[in-house]
2 protein chains.
Amino acid sequence: MYDLFFQKFQEKVPLSNEEQEQIKAYLTPKKLRKRQYLLQKGDVCKAIAFVEKGTLREYSVESGSEHIIQFAIEGWTISDLFSFLTGEPATYHIEAIEEAELILISKSAHEELLKVQPKYETYMRLLITGAYIALQRRHTSNISLPVEERYRNFTEMYPDIVQRVPQHMIASYLGLTPETLSRIRKKMANRE
Amino acid sequence: MYDLFFQKFQEKVPLSNEEQEQIKAYLTPKKLRKRQYLLQKGDVCKAIAFVEKGTLREYSVESGSEHIIQFAIEGWTISDLFSFLTGEPATYHIEAIEEAELILISKSAHEELLKVQPKYETYMRLLITGAYIALQRRHTSNISLPVEERYRNFTEMYPDIVQRVPQHMIASYLGLTPETLSRIRKKMANRE
DNA sequence: CCATTTCATTGACAAAAGTCAATGGTTTTT
DNA sequence: AAAAACCATTGACTTTTGTCAATGAAATGG
């Protein structure tokens, strides 16, 4: 159950067996059914979630329309960090697209782990650094590349997500309407 | 010279005088003239820069056109983190818009500080977490808000940058052409 | 202080993306 | 198994944004 979590952890920071057991004591498993919320806008985000199985999406709702901020599949971590850290109401929804198995780090677990296990702090630092770099690249490509290339990059970078997620959600992630993405795909297909 | 740096540091992590002196020993001051590069695309980013004075911009150049990724004024930190951490060539330029005074943390200083001073790791973690949250909000507003509101948010959030930076750079930051921003401003002004 | 460069604005036009509505195929639910 | 909900695609049309070119004002550098 915790295999993938610790595998990913150890890719960044090696742990002894004892350390692993120590950390494991702070973690909580949780299952979600399809369409079930992990977090709803307005609630306070109470955990950082690591995905052992399944697919989730994090999205904002702005004047009726949804905008997908992030997908998360096996091995990824997802949360509304701002809400989690400050205790302010969340601005995003997080929802299971498919049935999912998660490992949760609660706020109190997070704070305790920072105190008792320096390797946890290092892991968090590296995790967020990676997320920041990825987000920066995404943002850069968003404002500098033509839509078609952005879509192509996405399919090359995340072929597994393309398989598992409806197309209109990928459009939303790329900041497009479903119609526009459909037309771009058609144009790309016609050139082959 | 290091006042602002340690002021910002202590807002996140308090330090004793000894700790401050210890850390200071790893820092290097640097001045830039207007238009001078701190980093050029293709070079390896050798430092994290804290701005004591002046204004910098970080931007990408994609098929001839520039796209501003970030501004940095007094009290902000700027770097091509990916290049800094991996040693890969930078994908961004960083340049002084006005004459600037910086405090640099070199790669080796960064690595040493992580080893010898846990508070430095905590500071870095919190710094990057803040940057990540800010970037996520920016990206969200980019894909979900109409241009006019994005501009309004920017002017409200960073009135000092609006004062100090030419308008076409703000357009670039928002992902617009200068002409489009000019027209939006006109529209906004006409409604008053 | 003059020459040059940079900058913001505007107009005319082109290209890109969004909106609305309809269709037909899937999948999901009951 | 039938009904309902979801989904991708397409067409006609509108809105938004970009491109190119010109102008005049302001800032910059020698």
Side-chain angles (χ1 to χ4, degrees), chain A residues 32-36 54-55 57 59 61-68 71 95-100 141-152 154-155 161-192, chain B residues 32-36 54-55 57 59 61-68 71 95-100 141-152 154-155 161-192:
Chain A
L32 289 183
R33 291 211 243 107
K34 192 171 173 169
R35 306 264 165 117
Q36 193 179 343
T55 312
R57 66 197 257 252
Y59 61 99
V61 178
E62 203 61 53
S63 51
S65 68
E66 294 181 3
H67 298 274
I68 295 183
F71 294 110
E95 188 196 61
I97 298 178
E98 302 169 347
E99 205 168 300
S141 89
N142 240 288
I143 64 173
S144 63
L145 297 182
V147 183
E148 185 178 325
E149 253 179 275
R150 272 151 58 198
Y151 176 65
R152 198 197 313 283
F154 183 85
T155 58
I161 293 182
V162 176
Q163 300 303 331
R164 287 159 69 165
V165 156
Q167 192 175 304
H168 72 270
M169 290 193 186
I170 293 170
S172 168
Y173 180 91
L174 295 172
L176 305 173
T177 59
E179 293 94 332
T180 299
L181 180 55
S182 173
R183 286 176 183 124
I184 282 158
R185 281 164 47 84
K186 190 182 179 186
K187 203 166 62 177
M188 288 169 70
N190 284 344
R191 272 208 306 274
E192 295 318 293
Chain B
L32 289 183
R33 292 213 243 107
K34 193 171 172 170
R35 306 264 165 119
Q36 194 179 341
T55 313
R57 65 199 258 252
Y59 61 99
V61 179
E62 203 61 53
S63 52
S65 67
E66 294 180 5
H67 298 274
I68 295 184
F71 294 110
E95 188 197 59
I97 297 178
E98 302 167 349
E99 206 170 296
S141 90
N142 240 289
I143 64 173
S144 63
L145 297 182
V147 183
E148 185 178 323
E149 255 179 274
R150 271 152 57 197
Y151 176 66
R152 198 196 313 283
F154 183 83
T155 58
I161 293 183
V162 176
Q163 300 302 331
R164 289 159 66 165
V165 156
Q167 191 174 301
H168 71 269
M169 288 191 187
I170 294 171
S172 168
Y173 179 91
L174 295 172
L176 305 173
T177 60
E179 293 94 332
T180 298
L181 180 55
S182 173
R183 285 174 183 125
I184 282 157
R185 280 164 47 84
K186 189 182 179 186
K187 204 166 61 177
M188 288 168 71
N190 284 344
R191 272 207 305 274
E192 295 318 296

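These values consider heavy atoms only, across backbone and side chains, with no hydrogens, waters or symmetry-generated copies. Protein chains get the first letters and strands the later ones, always in sequence-line order, with residue 1 at the start of each.
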Give a yes/no answer on whether the side chain of [X] brings an N or O atom under 4.0 Å of OP1 or OP2 in [N].
X	N	result
B:Thr180	D:dG18	yes
A:Lys186	D:dA8	no
B:Arg183	C:dT10	no
A:Gln167	D:dT9	yes
B:Thr177	D:dT17	no
A:Lys34	C:dT28	yes

Report the distance from atom OG of B:Ser172 to atom CG of B:Leu181, rounding to the nearest 0.5 Å.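 Going from the OG atom of B:Ser172 to the CG atom of B:Leu181 covers 11.0 Å.
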From [options], pick the nucleotide closest to the side chain of [X]?
X	options	answer
B:Glu179	C:dT10, D:dT9, C:dT6	C:dT10
A:His168	D:dA8, D:dT17, D:dC6	D:dA8
A:Val147	D:dC6, C:dA17, D:dG11	C:dA17

Given atom [atom1] of [X] and atom [atom2] of [N], what is their separation to the nearest angstrom?
X	N	atom1	atom2	value
B:Glu99	D:dA27	CD	P	19 Å
B:Leu181	D:dT19	CG	C1'	16 Å
A:Ile170	D:dC7	CD1	P	12 Å
A:Leu174	C:dA16	CG	C1'	16 Å
B:Gln163	D:dA27	CD	P	13 Å
A:Met169	D:dA8	CE	C1'	14 Å
B:Glu148	D:dT15	CD	P	17 Å
B:Glu98	D:dA27	CD	P	14 Å

Go nucleotide by nucleotide along DNA chain C from the 5' end; which of A:Ile184 and B:Pro178 gets its closest nucleotide reached first? B:Pro178
A:Glu98: which of A:Arg164, A:Arg35, A:Arg33, A:Arg57 passes salt bridge (Lys or Arg N to Asp or Glu O under 4.0 Å):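 Considering A:Arg164, A:Arg35, A:Arg33, A:Arg57, a salt bridge (Lys or Arg N to Asp or Glu O under 4.0 Å) with A:Glu98 is found only for A:Arg164.
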If the threshold is 4.0 Å, N to carboxylate O, is there a salt bridge linking A:Arg152 and A:Glu148?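 Looking at A:Glu148 together with A:Arg152, the answer is yes, because their closest N to O distance falls below 4.0 Å.
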Parallel under 30°, tilted from 30 to 60°, perpendicular over 60°: which one fits the rings of B:Phe154 and B:Tyr173?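 Correct class here is tilted.
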Would you mind telling me which residue lines up with the more 5' stretch of DNA chain D, A:Arg185 or A:Arg35, judged by nearest nucleotide?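 This one resolves to A:Arg35.
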Show your working on side chain to side chain contact (heavy atoms under 4.5 Å, CB included) between B:Phe71 and B:Ile97 and close with a plain yes or no. CA-CA 9 Å; B:Phe71 294 110; B:Ile97 297 178; 4.1 Å; yes
